[in-house]
Peer 1: 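Structure below; questions to follow.
Nothing fancy with the numbering, it's 1 onward along the sequence. For the numbers below, each heavy atom of this structure counts, side chains included, while hydrogens, waters and symmetry mates do not.
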Amino acid sequence: MAFEAWIAFAAASILLLIIPGPTVLMVISYSLSQGKRAAVASVTGVMLGDLFAITAALAGLGALLATSAMLFQIMKYIGAAYLIYIGIKMWRSNSGPSTQVEMPHVPALQIFRDTLLVTTFNPKGMLFFVAFLPQFVDHTQPVLTQFFILGLTFVTLGGINTVFWVSMAGGLRKVVNGPSTLKRLNKVGGTGLLDAGIFTALSGRVS
């Protein structure tokens with residue numbers, strides 16, 4: 001594929017990724033409450049989730065979602081319910097005594113699972129890949145190779161973006177590391193996920 005097309009795709013992907021969404025809110029929340037142990041699990045979960053979403057979109061699920069409003073609504077409500085569930089769990093994790101120094105431990109496998117599922121099962125993300133990637137493909141050249149390059153580029157940029165947010169949240173955690181403050185920050189993260197879940201549930205149907 002043309003280098004100019006790849007640069008344009010990378011630039012457009014960066015602009016998309018810097019806008020915080022449900023996945024970013026989850027990554028920030030886990031980084032604030034769990035510290036460094038959330039970093040690797042979050043980055044791995046997001047990158048693998050992006051890879052699964054792109055693969056599913058190009059395999060035809062994205063096109064099916066575009067034509068089936070019912071399937072889109074089902075996936076949307078499943079994703080919204082999961083976000084609300086995680087948000088409630090974060091709120092309930094703050095119910096301990098205020099003298100508690102460490103936030104409740106969340107296993108790395110759970111952080112990986114949550115970020116993977118939220119990233120993968122986002123129907124709008126799949127529709128985006130269906131509409132977005134083909135715009136940068138030269139149909140006179142091998143298409144699968146170009147899809148592989150573009151998909152790998154997006155997954156890599158998504159990982160870098162996640163590292164950025166993890167680092168930002170980790171730096172904030174070091175500055176405000178008192179137990180009561182950490183609990184407030186965890187509530188903020190939980191509220192963000194609740195809001196994201198409600199927003200997802202109330203978002204418009206696919207046309």
Peer 1: Do Phe154 and Ile14 sit in one hydrophobic cluster, given that two such residues count as connected whenever their side-chain heavy atoms are within less than 4.5 Å of each other, even indirectly?
Peer 2: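 In one cluster with Phe154: Ile14, yes.
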Peer 1: For Gln141 and Gln146, indicate whether the former's side chain and the latter's backbone hold a donor-acceptor pair under 3.5 Å.
Peer 2: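 Not confirmed, Gln141 side chain does not pair with Gln146 backbone.
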Peer 1: Any chance you could lay out the side-chain contact (heavy atoms from CB on, under 4.5 Å) test for Ile54 and Phe147, step after step, and finish with the verdict?
Peer 2: CA-CA 9 Å; Ile54 292 173; Phe147 277 141; over 6 Å; no
Peer 1: What pair of heavy atoms forms the shortest contact from Ala41 to Ala108, and how long is it?
Peer 2: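 The answer is CB-O, 3.3 Å.
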Peer 1: Quick one: do Ile88 and Ile198 end up in the same hydrophobic cluster if we chain Ile, Leu, Val, Met, Phe, Trp and Tyr together by side-chain heavy atoms under 4.5 Å apart?
Peer 2: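 Yes; Ile198 is reachable from Ile88 via cluster members.
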Peer 1: So, applying side chain to side chain contact (heavy atoms under 4.5 Å, CB included) with Val46, which one of Val43, Asp50, Thr44 is it?
Peer 2: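 For Val46, the side chain to side chain contact (heavy atoms under 4.5 Å, CB included) test succeeds with only one of Val43, Asp50, Thr44, which is Asp50.
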Peer 1: Do Leu16 and Ile7 sit in the same hydrophobic cluster, where Ile, Leu, Val, Met, Phe, Trp and Tyr count as joined when their side-chain heavy atoms come under 4.5 Å apart?
Peer 2: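 Yes, same cluster.
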Peer 1: I want to check something: taking the side chain as every heavy atom from C-beta on, are Phe9 and Ile149 in contact at a cut-off of under 4.5 Å?
Peer 2: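 Heavy-atom side-chain distance check fails, nothing below 4.5 Å.
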Peer 1: When you group the ILVMFWY residues by side-chain heavy-atom contacts below 4.5 Å and let the links chain together, are Leu117 and Tyr85 in the same group?
Peer 2: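 Linked within one cluster.
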Peer 1: Restricting to non-hydrogen atoms, name the atom on Gly49 and the atom on Thr120 that form the minimum distance, rounded to 0.1 Å.
Peer 2: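 Here Gly49 and Thr120 meet closest at CA-OG1, 3.1 Å.
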Peer 1: Considering residues, nucleotides and ligands other than Leu144, do more than 12 of their heavy atoms fall under 6.0 Å from its CG?
Peer 2: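 Counting other residues, nucleotides and ligands, CG of Leu144 stays at 12 neighbours or fewer.
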Peer 1: Can you measure from OG1 (Thr119) to CE (Met26) and round to the nearest 0.5 angstrom?
Peer 2: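 Thr119 atom OG1 to Met26 atom CE measures 8.0 Å (nearest 0.5 Å).
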Peer 1: Please check if any side-chain donor atom of Trp6 sits under 3.5 Å from a side-chain acceptor atom of Thr153, or the reverse.
Peer 2: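 There is such a pair between these side chains.
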Peer 1: Between Tyr30 and Asp114, does a side-chain contact (heavy atoms from CB on, under 4.5 Å) hold up when you go through it step by step?
Peer 2: CA-CA 10 Å; Tyr30 273 138; Asp114 292 343; 2.4 Å; yes
Peer 1: Can you tell me how far apart CG (Leu157) and OG1 (Thr162) are? Round to the nearest 0.5 Å.
Peer 2: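 It is 10.5 Å, given to the nearest 0.5 Å.
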Peer 1: Tell me the closest heavy-atom pair linking Ser31 and Ala169, and the distance in Å.
Peer 2: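 Result for this residue pair: CB-CB, 3.5 Å.
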Peer 1: Could you give me the CA-CA distance, side-chain angles and deciding distance for Leu48 and Leu51, then say whether side-chain contact (heavy atoms from CB on, under 4.5 Å) is met?
Peer 2: CA-CA 5 Å; Leu48 195 58; Leu51 180 61; 4.2 Å; yes
Peer 1: Are Leu109 and Leu116 connected in the hydrophobic side-chain network, where two residues link if heavy atoms are under 4.5 Å apart?
Peer 2: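 Result: yes, single cluster for both.
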Peer 1: Short question: side chain of Thr115, backbone of Phe112 - any donor-acceptor pair under 3.5 Å?
Peer 2: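 Present.
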Peer 1: For Leu17, does its backbone N or O pair with a side-chain atom of Asn161 as donor and acceptor, under 3.5 Å?
Peer 2: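 Yes; judged by distance alone, with no hydrogens or angles, the pair exists.
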Peer 1: Nearest 0.5 Å, what's the CH2-OG1 distance between Trp165 and Thr23?
Peer 2: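 The OG1 atom of Thr23 is 12.5 Å from CH2 of Trp165, to the nearest 0.5 Å.
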Peer 1: Which heavy atom of Ala12 sits nearest a heavy atom of Phe136, and at what distance?
Peer 2: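 Smallest heavy-atom distance, with atoms named: CB-CZ, 4.4 Å.
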